[in-house]
Amino acid sequence: MIKTPASSFDTSSEQLAKALAANDIAATSRVFHALGTTETLEQLERLNTIDRALAYRTLPKDRAMGVFERLDASLQADLVSGLQEEDVAEVFASLSPDDRVALVDELPAAVANRLILGLDAKERALTGTVLGYPQGAVGRCMSPEFVTTRPGNNAGQTLARVRALLDDAESVYTILVTDAGRRLVGVVSLRDVLRAEPGELVEGIMKKPISVGASLDAEEAARYCADAKVLVLPVVDDEERLVGILTVDDALGILEEAESEDAARSGGSEPLRRPYLATPVRSIVRARVVWLLVLALGATLTVQVIGAFEATLEAQVVLSLFIPLLIGTGGNTGNQAATTITRALALGDVRPRDVLKVFVREVRVGALLGLLLGALGFSIAALAFSVPLGLVIGLTLLGVCTMAASIGGLMPLLGKAVRADPAVFSNPFISTFVDAAGLVIYFLVATAVLGL
């Protein structure tokens, strides 16, 4: 979303806050009257559930429809509970089928069924088509409203079909060519149709199509759409019949949501799935507390390792000074590797079958990093304390960096192989494991070198 200048945004926020605090409907309406659709969305996303519903009801009808359509599905669901039933039915009917399904997934079943039954037969059938696919599949995100033509139609006939569907089709810039059995045989751009003579046949100007199956994972399909740089990606069923399209803007939305999930889980939290200021505090706590408990239990491994080598620490108390440095370096090295491989998996640069190649590469990377950091650690520790202690630090950094990079590279691949989110296997668990394993390496090296 394009953000408005800070000064203008802050001024509008202050005016809106004062109007809502005073329950001044007229003043609230005046604030929104001066804002565009994008600015209105930004302001609504910052309000709590009650104020958002109140503010939304002050919008003009046409403007309200456009704003509702662009809100996150979770915020749409919040608004539904604060609007009158006839208003809800009207905005629900104005949504495209794929947006309707996203909202339905956020609503209680009884409310969702009532809204779907209130649609006319055509819209109910279109919505049912999208609802028929499982959550997470591209079929659940596609639009069933598109423009088609036949190979034997000419450019003039195709343009007439475009004009007839201008108000209903999700996109008219890419026209899909199907045979009598509704199987996809080609695509033709609106530009090429306009350039052609009215009598020129579509089969002479159409191109070979690319498509994805409706059961394909939505993120994978979105990535394919972005990589192929197409405005529209056709979606077909198991019999290769055309059932919908994934537009580039929907694909980018899917990828943005996936990136947000990966970023949250890499940091040891669950994604909020709604704007931060619109998320209740209890939801933020729920998103974080589970991972904190898991990581706290995992951290007991570190305590147990230190306890097991208590005698070593008592013999050389100076060893305790370097524990934060070593576990911090190991955790950072593992997290770097995990983040790199998780990103490579998302982009399709690597796959689970590349596990051996990734392992060998990360061992080499970790060893080189360990040599560089180990040489530095040896120099500092040798000058500040003693050469034997410097040797312990240098060798430990070499071992820890090699181990952390290889484990960090393998964990996302393991997650992908067992069909789990690679980000879940990334930074939080890697940090816990590497901390404990790094300490084991440290104390073993110290015992061997110092003869403890």
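Just the heavy atoms: all of them, side chains too, but no hydrogens, waters or symmetry mates, feed the values below. Note that the structure is predicted; figures quoted are calculated from it, not measured.
- Listed by chain and number, the residues in a side chain to side chain donor-acceptor pair (under 3.5 Å) with Asp250 are Thr247 (sequence neighbours excluded).
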Acceptor/donor pairs from residues 219-231 side chains to any protein atom, 3.5 angstrom cut, sequence neighbours excluded:
residue: Arg223; atom: NE; partner: Ala346; partner atom: O; Å: 2.9

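- Using a 4.5 Å cut-off on side-chain heavy atoms (C-beta onward), Val400 and Leu373 make no contact.
- Between Asp51 atom CG and Arg46 atom CZ the span is 13.0 Å, to the nearest 0.5 Å.
- Checked by atom type, the side-chain pair Thr40/Arg63 shows a donor-acceptor distance below 3.5 Å.
- In this structure, Asp105 and Gln135 have side chains that are in contact, with non-hydrogen atoms separated by less than 4.5 Å.
- Counting only residues at least two apart or on different chains, the salt bridge (Lys or Arg N to Asp or Glu O under 4.0 Å) pairs with a member in residues 340-350 are Glu259-Arg343.
- No donor-acceptor pair closer than 3.5 Å links the side chain of Asn153 to the backbone N or O of Thr149.
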Quiz prompt | side chain to side chain contact (heavy atoms under 4.5 Å, CB included) assessment of Thr158 paired with Ile175 | solution = CA-CA 9 Å; Thr158 301; Ile175 303 161; 3.8 Å; yes
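- The nearest pair of heavy atoms linking Tyr56 to Met65 is OH-N, 4.2 Å.
- Taking each heavy atom of Pro234 and Leu184 in turn, the nearest pair found is CB-CD2, 3.6 Å.
- When atom types are taken as modelled, the side chain of Gln157 and the backbone of Asn154 share a donor-acceptor pair closer than 3.5 angstrom.
- Residue Leu20 holds its CG atom at 13.0 Å from NZ of Lys18, rounded to the nearest 0.5 Å.
- Listed by chain and number, the residues in a salt bridge (charged side-chain N to carboxylate O under 4.0 Å, His left out) with Arg161 amount to none (sequence neighbours excluded).
- The SG atom of Cys401 sits 9.0 Å away from the CD atom of Gln336 when rounded to the nearest 0.5 Å.
- Residue Thr402 holds its OG1 atom at 11.0 Å from CD of Glu362, rounded to the nearest 0.5 Å.
- When all heavy atoms of Gly330 and Ala404 are compared, the pair lying nearest together is O-CB, 3.2 Å.
- No side-chain donor-acceptor contact under 3.5 Å links Tyr133 to the backbone of Val138.
- Applying the salt bridge (charged side-chain N to carboxylate O under 4.0 Å, His left out) test to Arg241 and every residue at least two apart in sequence or in another chain returns Asp237, Glu239.
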Quiz item: Could you walk me through whether Val232 and Val248 pass the side chain to side chain contact (heavy atoms under 4.5 Å, CB included) check?
Solution: CA-CA 6 Å; Val232 164; Val248 66; over 6 Å; no
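- Here Arg52 pairs with Asp78 under the salt bridge (charged side-chain N to carboxylate O under 4.0 Å, His left out) rule; sequence neighbours left out.
- Counting only heavy atoms from C-beta outward, the side chains of Thr148 and Val177 never approach each other to under 4.5 Å.
- Between Leu107 and Leu115 there is a side-chain heavy-atom pair separated by less than 4.5 Å.
- Applying the side-chain hydrogen bond (donor to acceptor under 3.5 Å, both in side chains) test to residues at least two apart or on different chains, none of the pairs has a partner in residues 26-35.
- Side-chain atoms of Asn335 come within 3.5 Å of backbone N or O of Gly331 as a donor-acceptor pair.
- Scanning all heavy atoms of the two residues, the minimum distance from Cys141 to Leu246 falls at O-CD1, 4.3 Å.
- For Arg140 (side chain) and Leu131 (main-chain N/O), a donor-acceptor pair under 3.5 Å exists by modelled atom type.
- Residues Phe32 and Gln43 meet the side-chain proximity criterion, which asks for heavy atoms closer than 4.5 Å.
- Residues Leu159 and Leu194 meet the side-chain proximity criterion, which asks for heavy atoms closer than 4.5 Å.
- Atom CG of Leu252 and atom CD1 of Ile254 lie 9.5 Å apart (nearest 0.5 Å).
- Residue Phe146 comes nearest to Leu165 through the heavy atom pair O-CD1, 4.0 Å, listed as atom of the first residue, atom of the second, then distance.
- Ser94 contributes a side-chain N or O that, together with a main-chain N or O of Val91, makes up a donor-acceptor pair within less than 3.5 Å.
- Taking each heavy atom of Met142 and Val243 in turn, the nearest pair found is CE-O, 3.6 Å.
- Listed by chain and residue number, Ser189, Arg195 satisfy the side chain to side chain donor-acceptor pair (under 3.5 Å) test with Asp192 (two or more places apart in sequence, or in another chain).
- Identified under the side-chain hydrogen bond (donor to acceptor under 3.5 Å, both in side chains) test for residues 115-130, with sequence neighbours left out: Arg100-Glu123, Arg100-Thr127.
- Looking at heavy atoms from C-beta onward, Ser211 lies out of side-chain contact with Leu233 at the 4.5 angstrom threshold.
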For a quick test of your reading: what N or O donor-acceptor pairs under 3.5 Å do the side chains of residues 351-359 make, sequence neighbours left out?
residue: Arg351; atom: NH1; partner: Gly348; partner atom: O; Å: 3.3
residue: Asp354; atom: OD2; partner: Arg351; partner atom: N; Å: 2.9

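- Here Ser406 pairs with nothing under the side chain to side chain donor-acceptor pair (under 3.5 Å) rule; sequence neighbours left out.
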Self-check item: Worked verdict on Asp98 versus Ser96 for side chain to side chain donor-acceptor pair (under 3.5 Å)
Solution: CA-CA 6 Å; Asp98 53 321; Ser96 59; 2.8 Å; yes
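- Not a single side chain to side chain donor-acceptor pair (under 3.5 Å) links Arg150 to another residue, sequence neighbours left out.
- Remark: Arg364 CZ to Leu369 CG distance equals 12.5 Å, nearest 0.5 Å.
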Quiz prompt | Test side chain to side chain contact (heavy atoms under 4.5 Å, CB included) applied to Leu59 and Val67, step by step | solution = CA-CA 9 Å; Leu59 298 176; Val67 167; 4.2 Å; yes
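- A side-chain donor-acceptor contact under 3.5 Å links Asp179 to the backbone of Arg183.
- The backbone N or O of Ala55 sits less than 3.5 Å from a side-chain atom of Thr58, completing a donor-acceptor pair.
- Residues Leu119 and Phe92 form a side-chain contact, since some pair of their non-hydrogen atoms from C-beta on lies under 4.5 Å apart.
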Exercise. Determine, stepwise, if the pair Leu326 / Leu439 fulfils side chain to side chain contact (heavy atoms under 4.5 Å, CB included).
Key: CA-CA 8 Å; Leu326 297 174; Leu439 285 175; 6.0 Å; no
